[in-house]
Amino acid sequence: MSAPATDARTAHADGVERLLESYRAVPPAASVRLAKRTSNLFRTRTKTDAPGLDTSGLTGVISVDPEAKTADVAGMCTYDDLVAATLPYGLAPLVVPQLKTITLGGAVTGLGIESTSFRNGLPHESVLEMDILTGAGDVLTTSPVEHPELYRAFPNSYGTLGYAVRLRIELEPVEPFVALRHVRFHSIDDLVAAMDRIVDTGLHDGVPVDYLDGVVFSAVESYLCLGTQTAAPGPVSDYTRQRIYYRSLQHDDGVTADRLTIHDYLWRWDTDWFWCSEAFGAQHPLVRRVWPRHHRRSSSYAKLMTLERRFDIGDRLERLKNRPARERVIQDVEIPIDRCAEFLDWFLATVPIEPIWLCPLRLRDGRGTDAGWPLYPMRPQQTYVNVGFWSTVPVGSTEGTSNRLIEQKVSELDGHKSLYSESFYSREEFDELYGGPSYRNAKERYDPDSRLLDLYAKAVQRR
């Protein structure tokens, strides 16, 4: 074992001890929560004066094993730091969520997705084992054979069954560049049909597809973005400066080509937070020239959005313009691919938000709910499409009018909704959709005194 790896393991052990000390310092009547500087959750939370858990020593990569193609990673390590540690070995996590500050533990307990998900599933499926701090104050090593009930129930539990302290994950080889093809479609039906064929075959026009996602600008303008790994040298684009990645997709007809380094491909969406940087003026040419590059990233926009919500800036501006307040519709939903066109047609006609992100996925193991992931049940061998939309709409007659409509439509189409943002389900609906019986069994065993919040209380009641 190398000295750096030994040092990292020692630092990790010290971090675990500090975490446990902070756990013991939380008053027995208070809910246990993390103390963290950043978050990729987009729902309001009840404020608390209770001290949070000290995760400051759990932010690094412990080791990378290039021969076994695995990495041991602390739970609060960001994907930015994880990718920086694996790319020098020509390796990457099987799924790298789009935003640099997403943590590995967060992506596993809260679900993550990206353009490899059509072949690699979701981040938690590449976890070989993980150490979890439970509500009972124990650090347990979990895997398909050790504490399998907790291992299986952990994804989509959002910290209500425990916190990932260490994760051992699979890695895959990557080439230094990604060759891109952006395919224009004039109908949603045609785009979804092409996506379905690519997921099944891994090819488009006879060329392998390693990365697959898409963008819908309107009912008559949409694109599939096809990436193929390559070692061939050549010029590459840079979308961290004046050019904006999602705008580079747009063209009148046919296919356009582009190239990125693997690093820039993995973070292509982070610079402009997909397209949400526009709300802060960061896409205006003059503003962009003076906006520091190191602040042109998702974490900066998230901080600005936190300030906006704290001081109600958006609604104040709307009132000055004699316009109604706005409802935030920040959601990702999974729709079976055979109902995807139906959902998109409905959404474009009902909810005034565009562009829309599309990302197909399939579970890797194909073993179904019983052996699979009960808190986010998806059918084996079924292709789903993640549909992401992040904006605001005029408020309706009741709280969350548009969000409630979307929830109803997603359930009608046998889909699921991620829980990182606001939800409005009844307790009965929630239990049916998110593995209520399995969750309660794991909760009773691993958090018997309810030191951690309940999932429904956290996701819907915003505690």
Side-chain angles (χ1 to χ4, degrees), residues 19-20 23 26 28-34 41 43 53 75 105-112 121-168 334 363-380 382 407 411 414-420 423 425-463:
L19 176 75
L20 291 172
Y23 173 89
V26 178
S31 294
V32 175
R33 303 187 189 212
L34 294 181
L41 297 181
R43 42 179 151 80
L53 300 184
V108 171
T109 194
L111 303 186
L122 299 173
H124 56 266
E125 294 188 88
S126 60
V127 175
L128 301 172
E129 66 177 33
M130 54 185 158
D131 296 341
I132 296 174
L133 171 65
T134 69
D138 302 315
V139 176
L140 302 177
T141 299
T142 70
S143 71
V145 296
E146 294 182 272
H147 298 284
E149 181 184 17
L150 180 58
Y151 173 83
R152 291 289 174 185
F154 192 73
N156 208 48
S157 63
Y158 282 87
T160 65
L161 293 177
Y163 299 107
V165 174
R166 176 193 63 90
L167 305 97
R168 178 169 294 165
E334 270 79 49
L363 295 181
R364 288 177 70 200
D365 60 18
R367 288 176 283 184
T369 300
D370 292 339
W373 316 102
L375 271 60
Y376 206 73
M378 303 176 78
R379 294 195 299 274
Q382 166 72 61
E407 288 181 352
S411 294
D414 197 24
H416 299 84
K417 187 177 93 165
S418 296
L419 297 176
Y420 71 85
S423 297
Y425 297 108
S426 69
R427 170 71 78 168
E428 294 73 22
E429 290 175 302
F430 190 85
D431 282 354
E432 182 178 352
L433 290 168
Y434 299 103
S438 295
Y439 176 74
R440 283 190 292 274
N441 289 338
K443 188 76 168 172
E444 290 171 5
R445 181 173 179 183
Y446 296 103
D447 185 23
D449 298 324
S450 297
R451 297 298 310 277
L452 304 170
L453 287 173
D454 171 76
L455 182 58
Y456 183 78
K458 188 172 187 178
V460 180
Q461 296 175 332
R462 306 172 198 170
R463 288 179 57 191

Please report the interatomic distance [atom1]([X]) to [atom2]([Y]), rounded to the nearest 0.5 Å.
X	Y	atom1	atom2	result
S423	Y434	OG	OH	5.5 Å
W373	M378	CH2	CE	13.0 Å
L452	R33	CG	CZ	10.5 Å
K443	S157	NZ	OG	8.5 Å
L161	I132	CG	CD1	8.0 Å

Looking at [Y], is its backbone amide N or carbonyl O close enough to the side chain of [X] to form a donor-acceptor pair, meaning the two atoms are under 3.5 Å apart?
X	Y	result
T134	A136	yes
T109	Y158	yes
Y23	G135	yes
N156	G110	no
E146	S143	no
S438	G435	no
R166	D131	no

Step-by-step side chain to side chain donor-acceptor pair (under 3.5 Å) determination, Y151 to E129: CA-CA 8 Å; Y151 173 83; E129 66 177 33; over 6 Å; no
Test side-chain contact (heavy atoms from CB on, under 4.5 Å) applied to L140 and L133, step by step: CA-CA 7 Å; L140 302 177; L133 171 65; over 6 Å; no
Derivation of the side-chain contact (heavy atoms from CB on, under 4.5 Å) call for V108 and L167: CA-CA 9 Å; V108 171; L167 305 97; 3.8 Å; yes
Modelled atom types, side-chain donor and acceptor of H147 and Y446, under 3.5 Å: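 Short answer, yes.
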Between Y439 and T160: side-chain donor-acceptor atoms closer than 3.5 Å: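 Yes - a donor-acceptor pair under 3.5 Å links their side chains.
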Close side-chain approach of S31 to L453, heavy-atom, < 4.5 Å: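 Yes, their side chains come closer than 4.5 Å.
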Side-chain touch V127/R168, heavy atoms, less than 4.5 angstrom: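 V127 does not reach R168 side chain to side chain.
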Salt bridge R463-D454, side-chain N to carboxylate O under 4.0 Å: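 Answer for the salt bridge query: no.
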Closest heavy-atom pair and its distance - [X], [Y]:
X	Y	value
G372	R152	O-CD, 2.7 Å
P377	P374	CD-O, 3.4 Å
E149	A442	OE2-N, 3.5 Å
P123	G112	CD-O, 2.9 Å

Heavy atoms of other groups near E432 CD, more than 12 under 6.0 Å: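 It does not: E432 CD has 12 such atoms or fewer within range.
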Residue that, paired with D447, satisfies side chain to side chain contact (heavy atoms under 4.5 Å, CB included) out of R451, R445, E444: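 Single pass found, and it is R451.
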Verdict with supporting geometry, L433 and S411, side-chain contact (heavy atoms from CB on, under 4.5 Å): CA-CA 9 Å; L433 290 168; S411 294; 4.0 Å; yes
Centroid-centroid under 6.0 Å between H124 and F154 rings: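 That pair fails the under 6.0 Å test.
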Test log, rule side-chain contact (heavy atoms from CB on, under 4.5 Å), inputs F430 and L419: CA-CA 11 Å; F430 190 85; L419 297 176; 3.9 Å; yes
